[in-house]
Amino acid sequence: MSMTPNFRSLEKTDGYVLKEANVIIERRRMIMKVLVSALFAVAVIIPPALADEREDAYAGVERWSAAFNSGDVEQIVRMYTDDALVLGTLSPGMISKPDDLRAYFKAAAAAELQVKLGDHSAVALAKDAVAIAGFYDFSRPAADGQPVVVPARFSFVMVKKDGIWKIAHHHSSVRPKSPQ
């Protein structure tokens, strides 16, 4: 009994099997072309759209920073959704009501706190939701006139409501020192 393949069976119907194989190969090539085109579209078209969402959402964080630095508590509170969750840098608990936010940021304004945004990164969670994490420095004037700077880190979840990016979640904590 021979173990060599029988190639003659492919020719027994005057090339019919070979023609059928060529049709299958051509179909696979067409499917691959469609898949490659679709992947190209996803790689080229969708990321810029999501990048735009990330940039627009981060502009909301920049507006928050400007409002924070102005000390305008009402403007700051309007930047949050009504059901936002906030874990503030100096808050012992979670803040989830506009009146609690108002009290928290009123204390920050009274202390003349300022914030300076640093490096950040963002990921689009959906067309209308972006998570942003990064670093910022808080500062306040000291008795000797020199600012006291507190390095911190943040995360924001920004959601688009009625065309406006608002803060749905904000976590802030003191940035640990690097191990030396």
Side-chain angles (χ1 to χ4, degrees), residues 41-180:
V42 167
V44 171
I45 295 168
I46 293 177
L50 293 179
D52 291 346
E53 295 299 318
R54 293 189 306 256
E55 290 170 14
D56 288 347
Y58 188 71
V61 173
E62 292 173 323
R63 286 189 299 277
W64 171 87
S65 172
F68 185 92
N69 289 337
S70 76
D72 186 339
V73 173
E74 291 307 314
Q75 184 181 358
I76 297 167
V77 172
R78 282 192 302 271
M79 301 191 78
Y80 289 83
T81 62
D82 290 338
D83 58 350
L85 300 174
V86 178
L87 294 166
T89 312
L90 302 174
S91 177
M94 184 167 33
I95 301 167
S96 61
K97 295 180 182 141
D99 285 341
D100 295 337
L101 274 174
R102 203 169 276 107
Y104 181 75
F105 288 114
K106 186 177 180 183
E112 299 180 45
L113 283 175
Q114 296 287 291
V115 68
K116 181 180 176 193
L117 297 172
D119 291 339
H120 74 280
S121 187
V123 61
L125 304 173
K127 185 177 132 186
D128 57 356
V130 174
I132 303 167
F135 302 101
Y136 47 25
D137 291 332
F138 288 103
S139 62
R140 65 173 175 75
D144 64 2
Q146 294 299 315
V148 174
V149 177
V150 178
R153 55 192 174 180
F154 66 80
S155 62
F156 287 96
V157 174
M158 306 294 290
V159 295
K160 192 184 277 188
K161 299 227 178 206
D162 300 322
I164 299 169
W165 286 100
K166 292 197 162 223
I167 303 164
H169 170 79
H170 178 189
H171 176 240
S172 180
S173 59
V174 174
R175 188 174 180 179
K177 292 183 179 179
S178 299
Q180 304 261 0

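Just so you know, these numbers use all the heavy atoms, side chains as well, and skip hydrogens, waters and symmetry mates. Not measured: the values here are computed from a predicted model.
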> Please walk me through it: do I167 and V157 pass side chain to side chain contact (heavy atoms under 4.5 Å, CB included)?
Replying inline: CA-CA 6 Å; I167 303 164; V157 174; over 6 Å; no
> After noting the C-alpha distance and the side-chain angles of V130 and W165, does the key distance pass the side chain to side chain contact (heavy atoms under 4.5 Å, CB included) rule?
Replying inline: CA-CA 9 Å; V130 174; W165 286 100; 3.8 Å; yes
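Side-chain atoms of M158 and I132, non-hydrogen and from C-beta on, do get closer than 4.5 Å to each other. D137 has its side chain out of reach of V150: every pair of non-hydrogen atoms, C-beta onward, lies at least 4.5 Å apart. For the pair T81 and V159, the minimum side-chain heavy-atom distance is below 4.5 Å. Residues D100 and K97 meet the side-chain proximity criterion, which asks for heavy atoms closer than 4.5 Å. The closest side-chain heavy-atom distance from K127 to K160 is not below 4.5 Å. Put simply, the side chain of W64 reaches to within 4.5 Å of the side chain of H170, judged on heavy atoms.
Between M79 and G60, the shortest heavy-atom distance links the atoms CE-O, 3.5 Å. Residues A122 and R54 come closest through the heavy atom pair O-CD, 3.2 Å. Residues L101 and I95 share a closest heavy-atom pair of N-CG2, 3.5 Å. Scanning both residues, G71 and A109, for their nearest heavy atoms gives O-CB, 3.8 Å. Scanning both residues, G118 and Y58, for their nearest heavy atoms gives O-OH, 4.0 Å.
For the residue pair Y136/S65, the side-chain donor-acceptor check at 3.5 Å is not satisfied. Judged purely by distance below 3.5 Å, without hydrogens or angles, the side chains of D72 and S70 never pair a donor atom with an acceptor atom.
Between D99 and R102 there is a salt bridge, since a side-chain N of the basic residue sits under 4.0 Å from a carboxylate O of the acidic one.
Note that OG of S173 and CZ of R153 are 4.0 Å apart. Values are rounded to the nearest 0.5 Å. Atom CG of L87 sits about 9.5 Å away from atom OG of S172, to the nearest 0.5 Å.
A donor-acceptor pair is defined here as one N or O able to donate and one able to accept, closer than 3.5 Å; no such pair exists between the side chain of E112 and the backbone of R140. Side chain of K166 to backbone of R78: a donor-acceptor contact under 3.5 angstrom is found.
Cation-pi geometry between R175 and F135 is met: the NZ or CZ atom falls under 6.0 Å from the ring centre, inside 45° of the normal.
The one candidate from L90, V149, V148, V115 that meets the side-chain contact (heavy atoms from CB on, under 4.5 Å) condition with F138 is V115.
With a 6.0 Å radius and a threshold of 12 heavy atoms from other residues, nucleotides or ligands, D144 has its CG atom above the threshold. Heavy-atom neighbours of D82 CG from other residues, nucleotides or ligands within 6.0 Å: at or below the threshold of 12.
With ring centers used as reference points, H171 lies 6.0 Å or more from F154. Annotation: F156 is not in aromatic contact with Y80 [ring centroid separation under 6.0 Å not met].
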